[in-house]
A.B. asks: 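After the structure tokens below, expect a handful of questions from me.
For ligands, and for the atoms within them, numbers begin at 1 and follow the listed sequence.
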Amino acid sequence: MSQVTREHFDQDMVPCYAPMAMVPVRGEGCTLWDQAGHAYLDLAGGIAVNCLGHCHPVLVDAIAQQSQRLWHVSNIMTNEPALALAGKLKAHSFADRVFFCNSGAEANEAAFKLARRAAVNLYGPEKSEIIAFKQGFHGRTFFTVSVGGQACYSDGFGPKPQEIRHLPYNDLAAVSAAMSSRTCAVVVELIQGEGGVIPVDLNFLKGLRELCDRHNALLIVDEVQTGVGRTGHFYAYQATGVIPDILTSAKSLGGGFPIAAMLTTESCAKHFTPGTHGSTYGGNPLACAVANAVVDVVSEPSFLAKVQLSGAALVQALNQLNEQYHLFQTVRGQGLLVGAELNQQWQGRAGEIMAAAAQQGLLMLVAGKNVLRFTPPLIITPAEIEQAIGKLARAITELQEKAIA
Ligand SMILES: *Cc1c(COP(=O)(O)O)cnc(C)c1O
């Protein structure tokens with residue numbers, strides 16, 4: 001394997017990604033090492049996935065144990081890890097019923113299909129409209145990307161799934177005006193992750209719940225990015241007082257092993273009768289064994305409390321950096337999903353800053369051209385946060401010196 005290099009990507013892979021120049025080969029905690037042995041402090045965390053960092057001993061142990069017992073049986077049989085995990089997710093949420101699949105997109109696909117099916121069964125085929133929000137992101141299958149609010153991702157693939165409406169995020173009047181008896185569901189992120197780390201307005205969310213109740217529509221919260229401890233709550237909705245009808249969970253749920261879940265109520269779940277929906281791999285024992293271990297660690301109140309403290313420390317460190325370098329107009333987010341929006345002077349340069357940071361051994365993300373996004377492992381320490389900000393400061397200094405030269 002040591003003979004492969006980054007050049008092979010350009011020769012062999014479908015070019016739908018533009019990966020970094022370095023190729024990571026090993027990870028531990030919040031650190032990654034590349035082929036040349038360079039270390040990187042990882043505040044991207046596999047895009048909000050590696051919630052316990054890289055190769056966490058509890059997860060290594062869970063996968064090792066289960067790998068010697070049972071990997072996959074398909075859904076013609078159930079299995080112990082899946083049933084145990086379903087019980088835990090129910091215990092840590094509003095849900096009565098759980099459907100397992102393998103990615104965030106699949107969980108949302110299941111959610112949208114379930115909402116449509118329930119509406120058809122209860123009210124007839126006219127009730128099929130899904131309301132979603134601009135800049136929202138729900139995955140890359142054709143249905144989910146069409147529900148997502150960025151036309152640039154969904155255009156150019158021929159006719160789209162119909163009856164999807166995109167409204168401005170946090171604009172309750174717009175939803176109130178648009179909703180009708182034909183609306184079967186409203187889908188919302190509690191923090192728009194890909195869309196710029198934009199938190200939902202609490203009154204907006206409460207208003208959506210009321211409008212859904214009034215119009216017999218389902219409220220779907222996409223917690224693929226915010227779920228499983230990311231915000232310092234097990235699920236972000238738990239800090240809002242608003243209970244959804246359907247919740248989708250992925251990313252952190254497997255800590256790096258692919259697994260996703262759709263959580264729902266008894267009354268919704270009953271519309272997915274045998275044969276209406278499915279997945280070959282969904283709920284396989286190997287993935288569920290890892291997720292069981294993730295949930296056991298992350299659901300501990302002391303663990304969640306620490307995520308809140310670490311998030312506050314990261315925001316504070318970014319604000320301090322800002323006092324010195326005047327980069328951001330706002331630093332926002334919740335727990336360890338943090339966005340820093342660039343000010344006028346740095347407009348459009350998020351990608352450039354990310355690249356300069358990587359040169360300094362710091363990995364992070366962007367959300368569009370103007371927002372730096374941080375989704376570190378939830379186990380990140382205060383010392384690592386301090387190191388990361390130091391590296392970011394050096395990256396900014398480099399960019400400033402380059403501009404002068
Ligand atoms: C990442 C993400 C998805 C898509 O998840 P995949 O596992 O890439 O399919 C869906 N919704 C939100 C909010 C996400 O952040």
A.B. asks: With under 30° as parallel and over 60° as perpendicular, where do the rings of Phe137 and Tyr153 fit, or are they tilted in between?
C.D. replies: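 Answer is perpendicular, since the angle exceeds 60°.
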A.B. asks: Would you please say whether a donor-acceptor pair under 3.5 Å links the side chains of Ser299 and Lys88?
C.D. replies: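 Absent: no donor and acceptor within the cut-off.
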A.B. asks: For a quick check under 3.5 Å, do Thr226 and Glu223 share a side-chain donor-acceptor pair by atom type?
C.D. replies: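 Per modelled atom types, Thr226 and Glu223 side chains form a pair under 3.5 Å.
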A.B. asks: So Tyr40 and His38, would you call those rings parallel, tilted or perpendicular, with 30° and 60° as cut-offs?
C.D. replies: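 Tyr40 vs His38 ring planes: perpendicular.
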A.B. asks: Can Asp245 and Arg209 be counted as an ion pair, charged N to O under 4.0 angstrom?
C.D. replies: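 Yes, Asp245 and Arg209 are salt-bridged.
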A.B. asks: As a test of understanding, state which of His271, Lys270, Lys127 forms a side-chain hydrogen bond (donor to acceptor under 3.5 Å, both in side chains) with Asn121.
C.D. replies: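 The residue from His271, Lys270, Lys127 that satisfies side-chain hydrogen bond (donor to acceptor under 3.5 Å, both in side chains) with Asn121 turns out to be His271.
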A.B. asks: In order of chain and number, which residues sit within 4.0 Å of ligand 1 by heavy atom?
C.D. replies: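 Residues within 4.0 Å of ligand 1: Ser103, Gly104, Ala105, Asn108, Phe137, His138, Gly139, Glu189, Asp222, Val224, Gln225, Lys251.
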